[in-house]
Amino acid sequence: MTYSSAVDYLYGLQRHGIKLGLETMEALLERLGRPHRRLRALHVGGTNGKGSTAAMAASVLRCAGLRVGLYTSPHLVDFRERIRVNGSMISEDDVAGLTERVREASAGLEPTFFETTTAVALLQFAEAGVDMAVIEVGLGGRFDATNVLMPDVCAITTIGLDHQEYLGPTEEAIAFEKAGIIKPGRPVVLGALSPSARGVIVEVAEARSAPVRELGRDFAVVEEGPERFDYRSAEHHLRDLTCGLAGRHQLDNAACALALLEAAGGGLWAQAEPAAAEGLRRVQWEGRLEIIEQHPTVLLDGAHNPSGAESLAAYLRDFRRRRPGGRVLLVVAMMRDKDHAAFMAPLEPLVSEVFVTQAALARSASAPELRAVLAGWRQPVHTAPIPAEALAEAKRRASPDDLVCVTGSLMLVGEIKAAVRGCGLSPLRG
């Protein structure tokens, strides 16, 4: 199997759609020699912030000298972004070889794309001999393919309305699904949660005798000046930290990442604590409040649900304060199953012009569909069905002091990054 044929095979598995449940995954891993049982792991779930938190924890551990595996989804441009060892993407040869092994072990099981990719990642980490695997939950938690793990610690960063067709219509229902990653006796770290979501998760943790560490109660982030903050817990106080990721919400994610490492126990924390400042400063996580150009500023942010839009709006408000004459021009595309109106609502007061476009996926909302949602907006709304053309037109209309914000979908962000790099997109971004 070549790399291109492996990617074609994986792409073909998308015909199985999303299939929640662990039976297939457990059977597949049994045939592969149970690689997940050879791993120490940190398991990170939540509606928003889980990828950033995982990336921060992995960065700190790498700076501490550990060999670290990081598994995240979706990718933006290259499928190999999903599986990294010490920051380096999995090689094309390893994708080909491991995918072939998983395919042979899958006879009669019909695993999904995500189940197969997760198996490839777990094999890669086990055979690479990582000291710690940092694993981001794909969808939900209870029935997510990654939930075969028995992690040292898990984290649930936030709870918000997203993927309701799979996880339930309310925050409480979604919280119950996310809480499925909590394991008996293993600590769980909680980020900023609403009282209703917190209540559900704490109830599950108590039933499983899982110690709970909560942001704002057991650990906290204290802002000490522009871009500087402290991390405080009952046991430790780390001073004068900075975060390589933009946005106030990333400080909460940084606190969760440090609490995750602290909860893992004395041995790991003793290694991680001296590297915390460097690891947070050096962390990279593309497509999240990422500036790729200046004059005008071009910002990419993969926010795609109402709570993500609130975090983006906070960043844009700060931009308007710092640059009073600067306008915000929005380039937006969204998937059809998202709450378009609720996403756009917090952005409306901050935006001067909008350019609606469409990502190159069948489940992307069309530009006319999005334009209809904005029918009551006072700002000019333009339509450009091709994302690169929408960005080009927004930049043409922008002054050097303006900000062009590309948002609404990680799929859109991936297309823009691919266009900027002048390369083709790997098709598997779900």
Side-chain angles (χ1 to χ4, degrees), residues 76-77 226-227 243-250 284-304 306 308-334 340-341 343-360 364-368 370-423:
L76 296 179
V77 178
E227 301 179 352
C243 182
L245 305 181
R248 170 59 184 79
H249 62 288
Q250 294 292 7
Q284 296 181 324
W285 190 230
E286 292 184 282
R288 283 76 174 178
L289 294 178
E290 178 188 7
I291 294 174
I292 61 169
E293 292 181 21
Q294 297 281 7
H295 312 300
T297 302
V298 177
L299 178 79
L300 307 182
D301 190 67
H304 54 272
E310 292 284 359
S311 296
L312 174 58
Y315 181 90
L316 297 180
R317 278 192 293 271
D318 185 61
F319 167 81
R320 296 281 295 267
R321 282 193 297 269
R322 289 184 287 106
R323 199 177 298 178
R327 301 182 307 147
V328 174
L329 293 82
L330 198 69
V331 176
V332 62
M334 300 188 72
H340 306 150
F343 177 86
M344 297 299 293
L347 304 176
E348 181 178 7
L350 304 166
V351 171
S352 297
E353 294 188 56
V354 184
F355 301 80
V356 293
T357 187
Q358 180 174 356
S364 179
S366 69
L370 287 180
R371 184 169 186 137
V373 174
L374 307 179
W377 279 36
R378 55 176 174 76
Q379 302 92 328
V381 179
H382 313 281
T383 301
I386 298 175
E389 293 178 0
L391 176 60
E393 180 62 16
K395 288 169 61 178
R396 188 184 70 79
R397 290 174 175 266
S399 74
D401 288 333
D402 291 344
L403 182 147
V404 176
C405 176
V406 179
T407 191
S409 166
L410 282 166
M411 314 310 166
L412 171 66
V413 168
E415 286 191 40
I416 292 297
K417 289 185 76 72
V420 169
R421 294 179 190 175
C423 62

Would you name the heavy atoms of [X] and [Y] that are closest together and state the gap between them?
X: Val332; Y: Leu370; answer: O-CD1, 3.9 Å
X: Phe355; Y: Arg397; answer: CZ-CD, 3.5 Å
X: Ala309; Y: Ala303; answer: N-CB, 4.1 Å
X: Gln358; Y: Ser366; answer: OE1-CA, 3.4 Å
X: His340; Y: Ala365; answer: CE1-CB, 3.8 Å
X: Ala388; Y: Ile416; answer: N-CD1, 4.1 Å

Using 0.5 Å steps for rounding, measure from the [atom1] atom of [X] to the [atom2] atom of [Y].
X: Leu300; Y: Ile292; atom1: CG; atom2: CD1; value: 4.0 Å
X: Trp285; Y: Leu76; atom1: CH2; atom2: CG; value: 7.5 Å
X: Glu415; Y: Leu391; atom1: CD; atom2: CG; value: 12.0 Å
X: Met344; Y: Trp377; atom1: CE; atom2: CH2; value: 3.5 Å
X: Asp301; Y: Ile291; atom1: CG; atom2: CD1; value: 11.0 Å
X: Cys405; Y: Leu316; atom1: SG; atom2: CG; value: 5.0 Å

key: Arg288 and its side chain to side chain contact (heavy atoms under 4.5 Å, CB included) partner, picked from Leu410, Leu245, Val413   =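 Testing Arg288 for a side chain to side chain contact (heavy atoms under 4.5 Å, CB included) against Leu410, Leu245, Val413 leaves exactly one candidate, Leu410.
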Quick check: do [X] and [Y] have side-chain heavy atoms less than 4.5 Å from each other?
X: Val77; Y: Glu286; value: no
X: Glu389; Y: Glu393; value: no
X: Gln379; Y: Leu330; value: no
X: Arg321; Y: Asp318; value: yes

Expected output: side-chain [X] to main-chain [Y] donor-acceptor under 3.5 Å:
X: Arg371; Y: Val356; value: no
X: Thr407; Y: Gly302; value: no
X: Thr357; Y: Ala333; value: no

inquiry  = I'd like to know whether CD of Glu293 has more than 12 heavy-atom contacts from other residues, nucleotides or ligands below 6.0 angstrom.
reply    =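 Enclosed.
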Set of residues satisfying side-chain contact (heavy atoms from CB on, under 4.5 Å) with respect to Ala246, sequence neighbours excluded =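 Counting only residues at least two positions away or on another chain, Ala246 forms a side-chain contact (heavy atoms from CB on, under 4.5 Å) with Leu289, Tyr315.
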ask   = Under the side-chain contact (heavy atoms from CB on, under 4.5 Å) criterion, do Leu347 and Phe343 qualify, and how do the steps go?
value = CA-CA 8 Å; Leu347 304 176; Phe343 177 86; 3.8 Å; yes
query = Listed by chain and number, what are the salt bridge (charged side-chain N to carboxylate O under 4.0 Å, His left out) partners of Asp402, not counting sequence neighbours?
reply =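 Checked Asp402 against salt bridge (charged side-chain N to carboxylate O under 4.0 Å, His left out); matches are Arg327.
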